[in-house]
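Comments concern the structure below.
All values below come from the heavy atoms of this structure, side chains included, with hydrogens, waters and symmetry mates left out. Treat the numbers as computed from the prediction; the structure is a model and nothing was measured.
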Amino acid sequence: MPYDDVALSPDGSTLYAVSNTELAVWKKASGVLRKTATVPLPENSDTLGRNRVAYGQDGRAMVLTTDGAVLTFDPRAGKLSTALPRTAPRLSDDDRKKTGLTEYTMALSEHGALAAIASGKGPVRVYDVPSGRLLRQLDVGDGTMDALALSEKNHSLYADVDGRTLTRWDTRTGALQWRSDGSGGSGLAVDPDGRWVATLSGDGTVWLWDARTGDRLADTALPAPDFSWSGTGGTGVQSRLAFSPDGKHLWSTTEGGEVLSWDTSVDSWIATLCKRVGRTLTAAERARYLTAVSRAHTACGTYPARTTDTP
């Protein structure tokens, strides 16, 4: 079963994974996550896209479906209910024949309190899930929305447009915070503390960005899959990213139905950066690239020191 999104509990003991047809519940036992339940999801026949999931404050799974509805699943009661009714417009049979199915790009914030939905090149609508109120409609660019991410911590919407431009918008005022080039287009995630953003490109490269400034900090390549389609024994291409609650691991879902975890701790990213430059960073470089992740890291192990920013 290829999963479209994952979300973890704050203590890492529960993982929710969602596809277009089901919600899977995974529980940690003896240090290993094992699937304990699957919940069928309603079928949407007139919309396309990928369902999204978040871990709610009370432990419930929050599922944003392709028609813009938010469903909640209580694992203790085993009950699926509606938190936000459908927000996508319904098309008549005649309209569907003329235009085809509408594909939506969507996102849930880390605890499922905010939902964002956009179709094609249209504006992004941001909803308050508990009240069902439309908070903001954002015109984030002229291109296609490839990926969206929401942060309750930062009051921000992040948008990947055409796989080329990453932007941050204030969900309270609608103001553009920053714009950066070279986003990737295949996946987008914000760490729970709102410190950095991760983007995924089609070749498996994950970029780390400073969420405050939009500076691109470092990159790492996820291993290439054996196959690029489901059901062949390989993991398939990486399709979605999510940070662990402590921000030290990045989870990815694959086309082949795998749920994988990658080390994205501060030490891991800084080791990659130091290896790339082959020396200890200067004070100016540390201030620009490491302030967002750690003020304590001032050296690169055995690499030679450098005290000036001149070549």
Side-chain angles (χ1 to χ4, degrees), residues 5 7 10 49 51-58 60 62-65 67-72 82-89 104-162 165-181 183 187-199 207-217 241-243 245 247 291-293:
D5 201 9
N51 291 338
R52 298 302 181 216
V53 66
Y55 191 91
Q57 293 277 24
D58 56 1
R60 292 180 298 168
M62 312 288 290
V63 179
L64 176 59
T65 61
D67 62 357
V70 177
L71 309 177
T72 64
T82 300
L84 178 69
R86 175 185 177 130
T87 58
Y104 290 93
T105 303
M106 305 173 300
L108 275 173
S109 59
E110 58 267 35
H111 298 303
L114 300 175
I117 180 169
S119 61
K121 298 181 179 181
V124 180
R125 302 190 305 275
V126 181
Y127 292 88
D128 176 71
V129 173
S131 68
R133 184 166 57 95
L134 176 64
L135 296 178
R136 185 73 52 185
Q137 184 165 289
L138 300 170
D139 294 312
V140 301
D142 297 328
T144 301
M145 301 299 114
D146 284 332
L148 298 171
L150 282 164
S151 172
E152 296 171 29
K153 184 91 172 180
N154 284 349
H155 306 286
S156 296
L157 170 79
Y158 300 87
D160 186 339
V161 183
D162 285 336
T165 304
L166 181 65
T167 56
R168 174 185 170 182
W169 302 79
D170 191 314
T171 55
R172 298 165 299 181
T173 65
L176 174 65
Q177 301 293 301
W178 49 254
R179 183 189 306 272
S180 297
D181 295 328
S183 49
L188 180 60
V190 187
D191 92 290
D193 287 331
R195 293 169 295 178
W196 52 82
V197 180
T199 60
W207 286 98
L208 186 71
W209 308 75
D210 188 326
R212 299 171 305 127
T213 65
D215 283 333
R216 190 160 59 180
L217 304 175
L241 299 175
F243 277 100
T291 299
V293 293

Rounded at 0.5 Å granularity, tell me how far CG in L84 sits from CZ in R133.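 Rounded to the nearest 0.5 Å, the CG-CZ separation comes out at 12.5 Å.
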Which atom names give the shortest non-hydrogen contact between [X] and [Y], and what distance separates them?
X    : Y    : result
A116 : L148 : CB-CD1, 4.4 Å
L138 : G174 : CD2-CA, 3.4 Å
A115 : L108 : CB-CD2, 3.9 Å

Among residues at least two apart in sequence or on other chains, which ones pass side chain to side chain donor-acceptor pair (under 3.5 Å) with N154?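 N154 satisfies side chain to side chain donor-acceptor pair (under 3.5 Å) with Y158 only.
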Quick one: list whatever passes side chain to side chain donor-acceptor pair (under 3.5 Å) with R125, sequence neighbours left out.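 Residues passing side chain to side chain donor-acceptor pair (under 3.5 Å) with R125: Y127.
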Can you list everything that forms a salt bridge (charged side-chain N to carboxylate O under 4.0 Å, His left out) with D128? Sequence neighbours excluded, please.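 Salt bridge (charged side-chain N to carboxylate O under 4.0 Å, His left out) list for D128, sorted by chain: empty.
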Could you list the residues that satisfy salt bridge (charged side-chain N to carboxylate O under 4.0 Å, His left out) with D58, not counting sequence neighbours?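 Listed in chain order: R60.
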Pairs flagged by salt bridge (Lys or Arg N to Asp or Glu O under 4.0 Å) wherever residues 166-180 is involved - sequence neighbours left out: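 For residues 166-180, and leaving out neighbouring residues, the salt bridge (Lys or Arg N to Asp or Glu O under 4.0 Å) pairs sorted by first residue read D170-R172.
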Backbone N/O of R195 and side chain of D193: donor-acceptor pair under 3.5 Å: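 Judged by distance alone, no pair lies under 3.5 Å.
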Under a 3.5 Å distance rule, please check whether S151 uses its side chain to pair with a backbone N or O of G194 as donor and acceptor.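 No, because the side chain of S151 does not come within donor-acceptor range (under 3.5 Å) of the backbone of G194.
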Would you say that R52 contacts V63 through its side chain, given a criterion of any heavy-atom pair below 4.5 Å between the two side chains?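 The answer is no, as the side chains (C-beta and beyond) never meet within the 4.5 Å cut-off.
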Which pairs with one or both residues in residues 109-118 pass side-chain hydrogen bond (donor to acceptor under 3.5 Å, both in side chains), sequence neighbours excluded?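 Checked against side-chain hydrogen bond (donor to acceptor under 3.5 Å, both in side chains) - neighbours excluded - the pairs reaching residues 109-118 are S109-E152.
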